[in-house]
Student: 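Structure in structure tokens, see below.
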Protein chains: 2
Amino acid sequence: MELTERKKKILRAIVDNYIQTAEPVGSKVLSAMPGMDCSSATIRNEMADLTQMGLLEQPHTSAGRVPSPAGYRLYVDELMQDYRLSVDETMSLNQAMELKMQEVDKVISQVSKMVSKMTNLPAMAMTAAANAPTVKRFDLILAGEGSFIVVIMTNSDVVKNRLVKLPVSCTEQDLKLLAAVLNASCTELPPEGFTPELLERVSRSAGAAGALVPIVLDYATHVLSQQSRSEVYVSGQMKLLGQPEYRDIDKAQEVLSSLDSETFSNLPATLADTAKTQILVGPENIAKELKDTSVVMTRFDIGDGMQGLIGVVGPTRMDYAQVTARLSYFAENLGRMFAKPELPPSQGDE
Amino acid sequence: MELTERKKKILRAIVDNYIQTAEPVGSKVLSAMPGMDCSSATIRNEMADLTQMGLLEQPHTSAGRVPSPAGYRLYVDELMQDYRLSVDETMSLNQAMELKMQEVDKVISQVSKMVSKMTNLPAMAMTAAANAPTVKRFDLILAGEGSFIVVIMTNSDVVKNRLVKLPVSCTEQDLKLLAAVLNASCTELPPEGFTPELLERVSRSAGAAGALVPIVLDYATHVLSQQSRSEVYVSGQMKLLGQPEYRDIDKAQEVLSSLDSETFSNLPATLADTAKTQILVGPENIAKELKDTSVVMTRFDIGDGMQGLIGVVGPTRMDYAQVTARLSYFAENLGRMFAKPELPPSQGDE
DNA sequence: ATTAGCACTCAGGATCAGCGAGTGCTAAAA
DNA sequence: TTTTAGCACTCGCTGATCCTGAGTGCTAAT
């Protein structure tokens with residue numbers, strides 16, 4: 001069977017309408033739509049064809065039609081009209097973004113909250129390092145009271161620190177020597193590079209502060225692993241409850257229970273995919289519990305080989321066009337924001 | 001009317017039973033309970049009295065009785081039997097605690113997750129500084145490439161850092177001088193102490209690096225405000241959906257919508273209250289949306305004049321005894337954990 | 001003071017009829 | 001050949017009705 005222009009038009013109309021109303025749509029309302037120049041009977045015939053082709057489904061005999069997953073797929077790939085952000089929308093998006101970003105330190109978690117707020121759906125935000133992080137620089141500061149501060153700067157200019165009690169007494173000179181040794185031999189190494197042999201070698205050449213080497217390198221390993229591990233934040237789970245398809249608590253619970261960070265942490269593999277924006281419809285989804293939901297995600301660049309991903313989860317019947325538009329816009333501005341080196345949202349530990 | 005021993009016994013039995021079953025409890029089941037030595041008719045009379053005293057309620061004429069808020073109040077204040085943690089429970093609590101604490105950096109957020117998990121209810125965790133934080137020590141590290149790292153240590157030994165681009169070129173000597181000046185005149189000051197005059201005075205005496213003073217002090221203000229502001233984390237909101245009283249989505253949504261950090265940020269006022277554990281029943285609650293829920297919270301000490309608060313939110317019909325016991329145990333161990341200086345869960349930026 | 005007995009109440013479940021939106025098919029019209 | 005009007009049919013939803021049973025309050029006997 002062939003997919004004529006008219007069939008496409010009807011399919012699009014059905015999806016659009018269903019997205020709005022969440023009710024099966026029948027032939028009568030379709031024929032009444034502007035731009036539909038044929039009778040309900042004709043449309044019924046076409047709908048029968050579309051159903052046979054697997055693009056539509058019928059909840060029961062005497063109900064209208066609903067898009068099938070395949071129908072949605074076709075819709076998002078070919079039929080969907082671009083959604084243009086209104087001036088109001090861009091303005092409120094911008095405003096939300098500006099305000100929050102300055103004030104708050106946990107960028108990624110904030111981002112996920114904002115995405116959720118602006119799409120009114122559960123949202124996810126994560127980052128992933130493209131290349132293995134290394135230490136660029138060690139600093140050790142004597143902090144009085146028998147303790148010192150380890151300051152570690154990674155190759156992506158993230159700075160982390162930790163306060164450590166001194167197991168042995170130590171002068172500022174000792175620390176300076178140790179820092180020099182560490183900077184000479186332990187920088188630019190992948191986490192696996194911190195071998196016991198290296199550790200021992202460094203300890204020996206570090207003189208009085210040699211005892212501190214394990215502590216410092218332990219912390220370095222910790223920081224590096226923390227950097228390479230991608231952080232995932234999920235926000236606004238409860239937003240799902242607003243959707244009519246989740247009036248049923250059990251359905252809602254099933255989905256909500258798998259809406260945690262872990263579900264998304266398997267995702268990085270697909271992060272580098274070709275398209276900037278990716279839409280997973282129903283059964284194509286990342287977890288079987290999400291088979292009746294869709295996920296829309298968009299990539300953005302952070303710089304230093306880091307990438308970020310923001311996305312939302314919603315019922316298969318969601319406004320893909322709108323969500324995609326908002327997500328893209330947001331991602332774009334995020335990228336721009338991170339690119340500005342003079343106002344880094346979080347350049348350090350906060 | 002007088003509250004006889006037998007009336008108390010009956011009330012306790014009703015609350016206990018209702019907590020278990022979530023169903024109104026009738027005279028028949030009560031009279032069948034071990035320890036009840038009177039007939040259902042007698043109990044009916046007593047229940048009528050209790051209802052008149054405002055301790056019980058009747059959903060409808062032909063149903064059993066349900067505790068009223070006042071009934072719960074009396075129950076938690078006088079009637080509740082202490083719940084003893086079983087060996088299994090303490091073990092799994094300990095285990096959960098040990099494991100997670102080492103691995104994870106965001107302590108408070110982790111704590112809230114753990115509390116939620118162990119009570120199977122939405123949980124909240126927060127900290128509050130008892131006294132205003134001050135800076136104890138400044139360090140400035142030249143980091144090559146025209147940038148430097150500000151390291152700030154507060155009076156509670158929390159260390160924070162930020163990487164800043166140098167607006168002017170600067171030698172290590174300049175930074176050292178600046179640090180010395182800052183340490184001499186800007187430590188032990190409350191956030192309000194950073195006046196424009198001070199800023200100018202310091203700038204002048206800092207020589208070549210004077211231009212950096214605003215940047216550093218700005219960051220210091222930021223850190224201090226961040227420290228004094230109490231962080232609130234809420235986890236496991238969806239756990240509410242498991243409770244039978246929230247089978248109705250609309251009810252659930254109403255409560256869930258007010259289960260965010262903001263609701264609890266007004267709380268610190270009551271944090272210093274006398275009792276370690278506090279129970280807010282129904283209408284006594286902190287927000288009107290929570291009038292049909294109860295909150296159980298427990299304080300714990302962090303040291304350095306800091307306090308923490310963990311709590312859970314649940315239906316008024318929750319197992320107060322069990323929740324209280326688990327919460328107290330957890331709080332106690334948290335306090336112990338924070339008290340150990342040699343293994344601080346987070347002593348630094350993480 | 002307690003208890004057995006009894007009439008009464010009322011939420012919840014099951015059953016059933018009627019409505020109406022929507023369909024598929026057929027036959028006529030374009 | 002395609003479109004359309006007409007019509008019989010399907011079936012989920014709504015509301016009405018009835019029934020059941022758990023639970024009560026009251027009264028009279030113990």
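Everything numeric in this text was worked out from a predicted model, so none of it was measured. Residue numbering restarts at 1 for every chain, and letters A, B, ... go by the order of the sequence lines. Computed over heavy atoms, backbone and side chain alike; hydrogens, waters and symmetry mates excluded.
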Student: Quick one: on DNA chain C, does A:A48 or B:R6 contact a more 5' nucleotide (nearest heavy atom)?
Tutor: B:R6
Student: Between C:dG24 atom C1' and A:M47 atom CE, what is the distance in whole Å?
Tutor: 11 Å
Student: Could you tell me how far apart A:D49 (CG) and D:dT2 (P) are, to the nearest whole angstrom?
Tutor: 11 Å
Student: Could you tell me whether the phosphate oxygens of C:dC10, OP1 or OP2, come under 4.0 Å of any side-chain nitrogen or oxygen in B:S62?
Tutor: no
Student: Could you check how far CD of B:E57 sits from C1' of D:dG23, rounded to whole Å?
Tutor: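 For the pair B:E57 CD and D:dG23 C1', the rounded distance is 17 Å.
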Student: Compare side-chain N and O positions of B:S27 against OP1 and OP2 of D:dT24 and report whether any pair is under 4.0 Å apart.
Tutor: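 For D:dT24, OP1/OP2 do have a side-chain N/O of B:S27 under 4.0 Å.
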Student: To the nearest Å, how far apart are A:N45 CG and D:dA5 P?
Tutor: 13 Å
Student: Could you tell me the separation between the CG atom of B:L30 and the P atom of D:dA22, rounded to a whole number of Å?
Tutor: 16 Å
Student: Please answer whether the main-chain N or O of A:Y246 pairs with a side-chain N or O of A:Q243 as donor and acceptor at a distance below 3.5 Å.
Tutor: no
Student: What is the separation between atom CD1 on A:I43 and atom C1' on C:dA21, rounded to the nearest whole Å?
Tutor: 16 Å
Student: Salt bridge or not between A:D37 and A:R6? Use side-chain N to carboxylate O under 4.0 Å.
Tutor: no
Student: Which one, C:dT23, D:dT24, D:dA5, comes nearest to the side chain of A:S39?
Tutor: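 Looking only at side-chain atoms, A:S39 lies closest to D:dA5.
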Student: Would you call A:R73 and A:E284 a salt bridge, using N to O less than 4.0 angstrom?
Tutor: yes
Student: Side chains of B:M124 and B:L259, heavy atoms from C-beta outward: is any pair under 4.5 Å?
Tutor: no
Student: Quickly work out the B:E46 CD to C:dA1 P distance and round it to whole Å.
Tutor: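 It works out to 11 Å between those atoms.
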Student: Return the 5'-most residue of the pair B:A41, B:H60 with respect to DNA chain C, ranking by each residue's nearest nucleotide.
Tutor: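 Of the two residues, B:A41 wins.
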Student: How many whole angstroms separate atom NZ of A:K28 from atom P of C:dG24?
Tutor: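 From A:K28 NZ to C:dG24 P: 16 Å.
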Student: Looking at C:dA4, D:dG25, C:dT23, which one has an atom nearest to any side-chain atom of A:Q58?
Tutor: C:dT23
Student: Using side-chain heavy atoms (C-beta onward) and a distance below 4.5 Å, is A:V295 in contact with A:I279?
Tutor: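 Answer no - side chains too far apart.
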Student: Does D:dT4 have OP1 or OP2 sitting under 4.0 Å from an N or O in the side chain of A:T42?
Tutor: yes
Student: Under 3.5 Å, is there any donor-acceptor pair linking the side chain of A:R44 to the base of D:dG6?
Tutor: yes
Student: Would you say D:dG23 has OP1 or OP2 under 4.0 Å from some side-chain N or O of B:R65?
Tutor: no
